[in-house]
Structure formats: C-alpha cells, structure tokens
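Below, chains carry the letters A, B, ... as their sequence lines are ordered, and counting in each starts from 1.
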2 protein chains.
Amino acid sequence: MVTQKHLEKILERLEQAETLDGLQTASVTLRDTLDVGHIAYHWVDSAGDQYGCGTYSIAWQERYLDKNYLRIDPVVIGCYQRFHPVDWKRLDWSSKAARAFLSESIEYGLGNQGYSVPIRGPNGQFALFSVNHSCSDEAWADFTELHRRDLILIAHYFNEKALEFEPERTPEQSQALSPREVDALTLLAIGYSRAQVANTLAISEHTLRVYIESARFKLGALNTTHAVARALSRGLIVV
Amino acid sequence: MVTQKHLEKILERLEQAETLDGLQTASVTLRDTLDVGHIAYHWVDSAGDQYGCGTYSIAWQERYLDKNYLRIDPVVIGCYQRFHPVDWKRLDWSSKAARAFLSESIEYGLGNQGYSVPIRGPNGQFALFSVNHSCSDEAWADFTELHRRDLILIAHYFNEKALEFEPERTPEQSQALSPREVDALTLLAIGYSRAQVANTLAISEHTLRVYIESARFKLGALNTTHAVARALSRGLIVV
DNA sequence: CCTGCCCTCGCTATTTCTGGGGAGTTGATA
DNA sequence: TATCAACTCCCCAGAAATAGCGAGGGCAGG
C-alpha cells in the first residue's frame with residue numbers, strides 16, 4: 001500500500017532527478033515502493049525515435065528494439081488510440097504477432113498483468129508509463145483501482161523530466177505573423193484553395209498571395225505547404 | 001486550502017458526471033472548493049471545433065468565440081507548445097493583440113492571475129484546464145505551488161469526461177498512415193516539391209502521387225496542404 | 001517627417017498539382 | 001487459398017499555385 005507520503009516522496013525524487021541516469025535509478029526505487037514486478041517509461045515520437053527507461057532487463061529492451069516490437073506491441077498500439085489509462089487485459093491481443101509477443105515477453109521476465117498510462121506532449125510526442133506485475137486478476141484490479149490516480153501523476157512527472165532532458169524541443173523563436181497572414185495560413189491549413197481563402201477574407205486573390213508570400217518569407221518556408229507546417233508546429237496558428 | 005479529502009470528492013464528482021451539464025455544475029462546485037475566481041475547461045480539436053465549460057460568464061464565452069480569440073489567446077498559443085502546466089505570467093503577452101485581449105478579459109470579469117494545464121488526447125485533441133483568480137503574485141505562487149498536482153489530476157479527469165461525452169473521435173476517423181505515406185507527407189511538410197520528394201524516396205512521381213492521394217483520402221483532406229496540416233496536428237508526422 | 005510595416009489591387013507566364021483512367025508485384029492475414 | 005493492403009509504374013488534360021514586374025493609402029515609432 002502506497003500512502004500519500006510515499007507518493008510525495010516519489011514525485012519529489014522524480015523532480016530532483018537531473019539526468020537520464022537519475023530517472024533510471026528513480027524507477028528502481030519506484031518499483032520497490034509500488035511493490036510491483038516492473039515499471040517502465042517508454043518515449044516515442046512519430047519520427048520513430050525511442051527512448052526507454054525502467055526496470056525491464058537489458059536483454060528484453062534490446063530484443064524489443066532489435067525486433068522493432070514497437071510496431072506490433074498491443075500496449076503501444078492500443079494506448080496510442082486512447083486517452084485513458086488502460087489495463088493490458090483490455091487491449092487487443094487477437095493477432096498472432098501479438099500473442100507471440102506476449103509469450104516472449106513473459107520468457108524475458110515480464111509478469112502477466114500490466115497497466116499503462118498514455119501521455120502526450122507537443123509536436124506529436126507520445127509516451128507510455130507502464131506498471132507490470134505477476135498476480136491474480138483480482139489482486140491486479142485492486143491495485144490499479146487503488147493507484148490509478150497516483151500512476152497518472154507519476155506518469156506525468158516522469159514525462160516532464162524526460163522532456164526536460166531531451167533537447168529536441170527547441171522553441172526556435174520566430175517572427176510573429178500579421179493578423180492577415182494568420183488568417184490566410186489558417187484557412188489554407190483547413191483545406192481552402194487560394195480562391196476560397198480570398199473569397200472568405202473578402203480580398204482579391206492577388207492580395208492573398210502577398211500575405212502568403214510574406215508569411216513564407218517570415219517563416220523561411222519554401223512553399224505554402226511548408227509555411228503552413230511551420231506555422232502549425234511553431235504554434236503560430238491553431239487548427 | 002484543499003485537503004486530500006476535498007480532492008477525492010472533486011474527482012469522484014467528476015467521475016460521476018453523466019452529461020456535459022453535469023460537468024458544468026461540477027465546475028461550479030470545483031471553483032468554490034478551490035476558492036478561486038474561475039475555473040475553465042477548453043477543448044479544441046484538429047477540425048477547429050471548440051467546446052468550453054467552466055465558470056466564465058456567458059458574455060465572455062460568446063465574445064471569445066465571436067472574435068475567434070482562440071487564434072490570439074496567449075494562453076492557448078503558449079500551452080499548445082508545452083507539456084508543463086504554466087502560470088499565465090510566464091506566457092508571451094508582448095503583442096498588442098495579446099495585451100488588448102488581456103485587458104478585455106479583465107473587463108469581462110477575469111482575474112489577474114491564471115494557471116493552465118495543457119492536456120492532449122489521441123488524434124491531435126488538445127485541451128486546457130485553467131484556474132483564474134484575483135490576488136497578489138505571492139499568494140498566487142503559493143496557491144499554484146500547493147495545488148499543482150491536484151490541478152494536473154483534475155485536468156486529467158475533466159478531459160476524460162469531456163472525451164467520453166464527445167463521440168467525435170471515433171477510432172475509424174483516425175486512419176493510420178502507411179510508412180510511405182508518412183514519408184511523403186513528412187518530406188512535403190519540410191518544403192520539398194513533389195519532384196524532390198519522389199527523388200528523395202527514389203520512386204516515380206506518379207507513385208508518390210498515389211501515396212499523397214491515399215493519405216489525403218485517409219485524412220479526409222481536401223488538398224496536400226490540408227493533409228499535411230491534419231497529419232501534423234494529429235501527431236502522425238513530426239517536423 | 002521619414003521609414004517601415006500592414007493592407008489592398010493589377011497583369012502575364014511558367015511550373016506544379018490534381019483528378020480521371022489502368023496494371024502488376026509483394027506480404028501478411030484470414 | 002483467397003483476399004486485402006501496401007507498394008510500384010504509366011498517360012493525359014485541366015486546375016491551381018508560383019514567380020516576376022508593378023501600384024498606392026494608412027498607421028505607428030524614431
């Protein structure tokens with residue numbers, strides 16, 4: 001049983017971690033505090049880069065990366081589509097690949113029970129915080145029921161730290177767009193053609209072109225699609 | 001001061017909400033329990049649809065929608081780029097539009113302090129949970145420091161409910177893209193022309209076109225720019 | 001007062017994208 | 001084994017976007 005005090009201690013420890021190694025040792029402590037088989041944090045972006053951290057054996061981690069299990073892991077696939085934390089039993093294990101993956105994971109020391117919290121950050125960043133254990137269904141249901149909130153918080157703090165250590169998220173302060181440029185790019189981003197945008201904004205198509213061009217210039221973009229993509233990923237427009 | 005018991009009660013109440021109206025009344029209770037000026041939940045999806053819920057005045061909500069303040073609200077823009085909860089003071093209020101927005105919001109009854117938790121769901125769903133109050137900087141710093149964890153949890157539960165009531169994001173709407181489609185859209189998003197993309201991927205331009213078309217179809221996009229924008233905001237590609 | 005930025009409009013020519021067809025190979029899944 | 005999804009290639013005509021040259025009025029800050 002994890003008390004409020006335990007939780008505070010765990011979160012503080014996570015907050016104080018200063019390196020990825022620190023997160024690694026914190027996760028061992030976390031596993032012992034929660035008294036479960038394994039805990040794991042798994043970070044992935046749409047470019048396919050991964051970072052893992054937790055108490056799984058090195059052999060399993062290597063196997064996972066080597067075989068590119070990311071693509072077939074029902075935990076990853078299932079969590080990617082939902083917001084809610086989920087018990088592994090409720091995921092789709094019907095495919096042959098999934099069942100093979102499951103039995104292999106058990107060979108590598110994973111337990112029969114699992115619970116994962118999906119977390120998302122800016123720019124398509126996606127991470128999973130998972131707890132893994134070996135016990136009966138009833139005991140596991142009790143555990144997850146009891147610790148659901150704690151796990152959400154821990155997942156959040158874990159991800160916060162992982163993001164902090166990842167220099168990927170370069171803010172890249174860019175020049176602000178004028179209101180009309182924002183209008184133009186926004187409408188283009190929702191699929192309007194130039195003629196439609198011009199019509200919507202009640203300006204000539206040529207004027208619109210000037211906006212798009214100046215936005216392209218400000219954003220250092222090579223074409224309209226590029227400009228829209230940059231404006232989106234820099235948060236200058238919201239679609 | 002909100003005790004652990006208060007928090008549990010709030011979360012339970014949120015869990016038990018069965019309609020959007022239920023969330024609305026829960027948010028009033030929540031505001032009173034936290035003893036702040038306002039609380040607000042603001043949901044946005046990649047199609048540009050919005051849903052708001054909270055204790056802001058109807059007049060302000062209408063004004064916000066009417067003027068499309070979503071596009072200039074520094075809270076939305078700032079939170080869209082980060083994972084961490086953030087104090088409104090730390091956002092970028094330098095633009096003229098932002099300052100006008102701020103003073104107008106105060107006219108409509110908002111306080112001078114604010115704190116927002118960004119939350120993300122599948123398919124580019126993005127939401128904000130905000131607390132707003134009128135007090136000194138020191139008092140606010142104490143409040144946010146003390147309640148940071150609670151606010152994260154409350155935000156999470158709020159979003160969970162809001163997603164539950166919004167059947168918009170059905171799994172079928174989130175067609176996954178094939179690897180080649182991801183390649184194509186990614187390269188387009190960084191400004192390559194079709195000829196360049198085809199060359200980079202070492203395929204014919206016609207083949208590339210097939211990918212773009214099928215990606216457009218899967219994403220329900222009207223043209224290439226739209227497809228790239230949707231893929232970006234749903235986190236299917238990263239630039 | 002001038003400089004710079006924002007907003008507005010016009011023309012022509014070229015390049016690029018889109019939409020309509022069709023066809024064959026893999027590989028995994030059922 | 002059959003089916004489906006993904007991947008690859010081809011033609012053509014019309015629609016749309018880009019590049020190049022212009023122009024002028026308004027509004028703010030140095």
Between [X] ([atom1]) and [N] ([atom2]), how many Å, whole number?
{"X": "A/L201", "N": "C/dC6", "atom1": "CG", "atom2": "P", "answer": "16 Å"}
{"X": "A/I212", "N": "D/dA19", "atom1": "CD1", "atom2": "P", "answer": "11 Å"}
{"X": "A/L208", "N": "D/dA16", "atom1": "CG", "atom2": "C1'", "answer": "13 Å"}
{"X": "A/R180", "N": "C/dC6", "atom1": "CZ", "atom2": "P", "answer": "14 Å"}
{"X": "A/L222", "N": "D/dA17", "atom1": "CG", "atom2": "C1'", "answer": "15 Å"}
{"X": "B/I203", "N": "C/dG24", "atom1": "CD1", "atom2": "P", "answer": "20 Å"}
{"X": "B/E213", "N": "D/dC7", "atom1": "CD", "atom2": "C1'", "answer": "15 Å"}
{"X": "A/Y211", "N": "C/dC9", "atom1": "OH", "atom2": "P", "answer": "8 Å"}

Residue-phosphate contact under 4.0 Å: B/K218 side-chain N/O, D/dA5 OP1/OP2: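 No, because none of the side-chain N or O atoms of B/K218 sits under 4.0 Å from OP1 or OP2 of D/dA5.
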Where at least one partner belongs to residues 178-215 of chain B, residue pairs that pass ring pair (Phe, Tyr, Trp, His ring centres under 6.0 Å), sequence neighbours excluded: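 As it turns out, there is no ring pair (Phe, Tyr, Trp, His ring centres under 6.0 Å) pair with a partner in residues 178-215 of chain B once direct neighbours are skipped.
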Sequence neighbours excluded, every pair satisfying ring pair (Phe, Tyr, Trp, His ring centres under 6.0 Å) that has a member inside residues 104-128 of chain B: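 Counting only pairs at least two positions apart or across chains, the ring pair (Phe, Tyr, Trp, His ring centres under 6.0 Å) contacts touching residues 104-128 of chain B are B/W60-B/Y108, B/Y80-B/F126.
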Sugar-phosphate only, base, or nothing, as touched by A/T207 at under 4.0 Å among non-hydrogen atoms: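 If one applies the 4.0 Å heavy-atom cut-off, A/T207 turns out to touch a base.
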Could you list all N or O pairs between the protein and nucleotides 12-17 of chain C that sit under 3.5 Å apart?
residue	atom	partner	partner atom	Å
C/dC17	OP1	B/R194	N	3.1
C/dC17	OP2	B/R194	N	3.4

Sugar-phosphate or base contact per nucleotide [nucleotides 22-30 of chain D; S, B, -; heavy atom under 4.0 Å]: B--------
Nearest heavy atoms of B/S178 and B/K218, plus distance in Å: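 Looking at all heavy atoms of both residues, the shortest contact is N-NZ, 3.7 Å.
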Partners passing ring pair (Phe, Tyr, Trp, His ring centres under 6.0 Å) against B/Y41 (at least two apart in sequence or in another chain):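 Ring pair (Phe, Tyr, Trp, His ring centres under 6.0 Å) check on B/Y41 returns B/F158.
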salt_bridge(A/R209, A/E205) N-O dist < 4.0 Å: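 No salt bridge links A/R209 with A/E205.
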Under the side chain to side chain contact (heavy atoms under 4.5 Å, CB included) test, residues paired with B/S134 that sit two or more places apart: B/N112
The single option from A/Y64, A/F129, A/Y69 passing ring pair (Phe, Tyr, Trp, His ring centres under 6.0 Å) against A/H42: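 For A/H42, the ring pair (Phe, Tyr, Trp, His ring centres under 6.0 Å) check succeeds only for A/Y64.
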side-chain hydrogen bond (donor to acceptor under 3.5 Å, both in side chains) between B/H133 and B/Q113, intermediate numbers included: CA-CA 5 Å; B/H133 198 47; B/Q113 304 286 355; over 6 Å; no
